[in-house]
Amino acid sequence: MSTATKARVDTAYQRLREHLAYLGLSTAAEELAPALDRAAKQKLSAVEVLEDLLARETEATRARRLHGRLRFAHYPLRKTLPEFEFDYQPSIDRKVFGELSTLRFVEERRNVLLLGPPGVGKTHLAISLGIAATEAGYRTYFTTASDLVASLQSAHLEGNASAKMRTFTGPSVLVIDELGYLPMDQTSAHWIFQVVSRRYERGSIVLTSNRGFSDWGQVFADQVVAAAILDRLLHHATVVNIKGKSYRMRRHQAQLDREREPPMI
Ligand code: ADP
Ligand code: MG
């Protein structure tokens with residue numbers, strides 16, 4: 001190659017790198033030199049080089065966006081459905097979770113209500129569904145019921161409740177954990193009602209509670225508000241009632257069982 005041709009090629013290469021960087025395609029810019037080396041070695045066509053380069057850029061963008069969605073959603077722990085031992089909790093119908101993991105409930109804006117005593121995996125399952133939806137590209141948000149109420153109430157006092165409300169109404173899936181652990185006063189019940197009714201038929205709620213529906217009147221200190229919230233939540237919903245032993249206690253229980261067995265000689 002003559003010096004002149006090489007200079008031209010180098011210049012075109014430089015310009016292409018700059019175009020890519022200017023357009024924000026930083027992965028493609030970084031990958032350009034190795035992609036051209038591969039193209040020369042494997043005699044790839046221009047279309048193949050471009051496809052390879054943009055596939056890498058697309059993958060990097062996908063990963064960056066997922067990271068952003070996960071940061072926004074701020075799940076307190078990373079839990080997944082494959083990590084859940086359904087054998088330990090026979091009262092849960094696996095088929096229901098097989099269906100939920102298709103995320104059709106998100107598309108259909110249905111709710112998922114997970115009820116049961118402490119330690120049976122409600123939070124684990126709720127986070128798993130939320131993370132699965134986030135990985136599929138949906139915007140999601142995690143909150144406990146008491147944090148939801150506290151943040152709306154304090155935003156209200158500062159005069160920006162409607163902006164805060166969008167945090168809870170915007171995402172395709174809102175995970176509300178631990179409803180019912182603490183009884184709510186009228187103001188708190190009002191905020192839960194606002195969120196539930198604004199999301200009604202617009203976006204899914206995945207909710208966990210240690211209280212059965214019949215106790216919700218007590219939880220909200222108001223039968224009428226409790227009925228109005230339940231009516232909207234249950235209209236399109238999958239309800240999972242978990243009746244089992246606490247997973248947190250299983251090691252403890254295994255130890256007790258061992259101690260009860262006669263020693264082997
Ligand atoms: P809950 O919200 O019902 O009180 P958690 O979801 O917080 O219960 O579960 C307590 C702990 O036990 C968590 O670390 C969770 O990941 C784990 N866990 C609960 N049930 C199971 C299960 N069936 N398989 C695997 N881990 C479980
Ligand atoms: Mg929990």
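Because the structure is a prediction, the values reported are computed rather than measured. Whatever order the structure lists ligands and atoms in, that order sets their numbers, starting from 1.
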(request) Using a strict cut-off of 4.0 Å, indicate which atoms of ligand 1 neighbour a heavy atom of Pro118. (result) 4 (O)
(request) Of the side chain and backbone of Glu83, name the one, both, or neither that has a heavy atom under 4.0 Å from an atom of ligand 1. (result) backbone
(message) Just to verify, which of Asp177, Thr123, Thr144 counts as forming a side chain to side chain donor-acceptor pair (under 3.5 Å) with Thr208?
(response) Asp177
(message) Heavy-atom pairs closer than 4.0 Å: do any link ligand 1 to the side chain of Phe84, the backbone, both, or neither?
(response) both
(request) Would you check if Pro118 and Tyr181 make a side-chain contact, meaning some heavy-atom pair closer than 4.5 Å? (result) yes
(request) Could you find the nearest protein heavy atom to atom 6 (O) of ligand 1 and give me its residue, atom name and distance? (result) His124 N, 2.8 Å
(request) Answer yes or no for Val120: is there a heavy-atom contact with ligand 1 below 4.0 Å? (result) yes
(message) Please work out, at 4.0 Å between heavy atoms, whether the side chain, the backbone, both, or neither of Lys122 comes within that distance of ligand 1.
(response) both
(message) For the aromatic rings, using the six-membered ring if either is Trp, is the centroid distance between Phe84 and Phe86 under 6.0 Å?
(response) yes
(message) Once rounded to the nearest 0.5 Å, what's the spacing between atom CD of Gln218 and atom CE of Met184?
(response) 14.0 Å
(message) I'd like to check Thr167 versus Lys164 (side-chain heavy atoms, cut-off strictly below 4.5 Å). Are they in contact?
(response) yes
(message) Give me the nearest non-hydrogen protein atom to atom 14 (O) of ligand 1 as residue plus atom name, then the distance to 0.1 Å.
(response) Lys79 NZ, 3.2 Å
(message) Could you tell me if the side chain of Leu81 sits less than 4.5 Å from the side chain of Ser101, heavy atoms only?
(response) yes
(message) Counting non-hydrogen protein atoms only, what is the nearest one to atom 24 (N) of ligand 1? Give residue, atom name and distance.
(response) Glu85 N, 2.7 Å
(message) Just to be sure I understand the site: which N, O or S atoms from the protein are less than 2.8 Å away from the Mg ion (ligand 2)?
(response) Thr123 OG1
(request) If you have a sec, work out which protein heavy atom is nearest atom 19 (C) of ligand 1 and how many Å separate them, to one decimal? (result) Tyr247 CB, 3.2 Å
(request) Check whether any side-chain heavy atom of Lys245 lies under 4.5 Å from a side-chain heavy atom of Val120, and answer yes or no. (result) no
(request) Answer with yes or no whether the side chains of Tyr75 and Thr140 bring together a donor and an acceptor at under 3.5 Å. (result) yes
(message) Whether Glu59 and Arg62 form a salt bridge (side-chain N of Lys/Arg under 4.0 Å from carboxylate O of Asp/Glu) is what I want to check.
(response) yes
(message) If we ignore hydrogens and angles and just use 3.5 Å, is the side chain of Arg199 paired with the main-chain N or O of Ile205 as donor and acceptor?
(response) no
(message) With heavy-atom distances below 4.5 Å as the criterion, would you say the side chains of Val206 and Phe105 are in contact?
(response) yes
(message) For Gly116, state whether at least one heavy atom is located under 4.0 Å from any atom of ligand 1.
(response) no
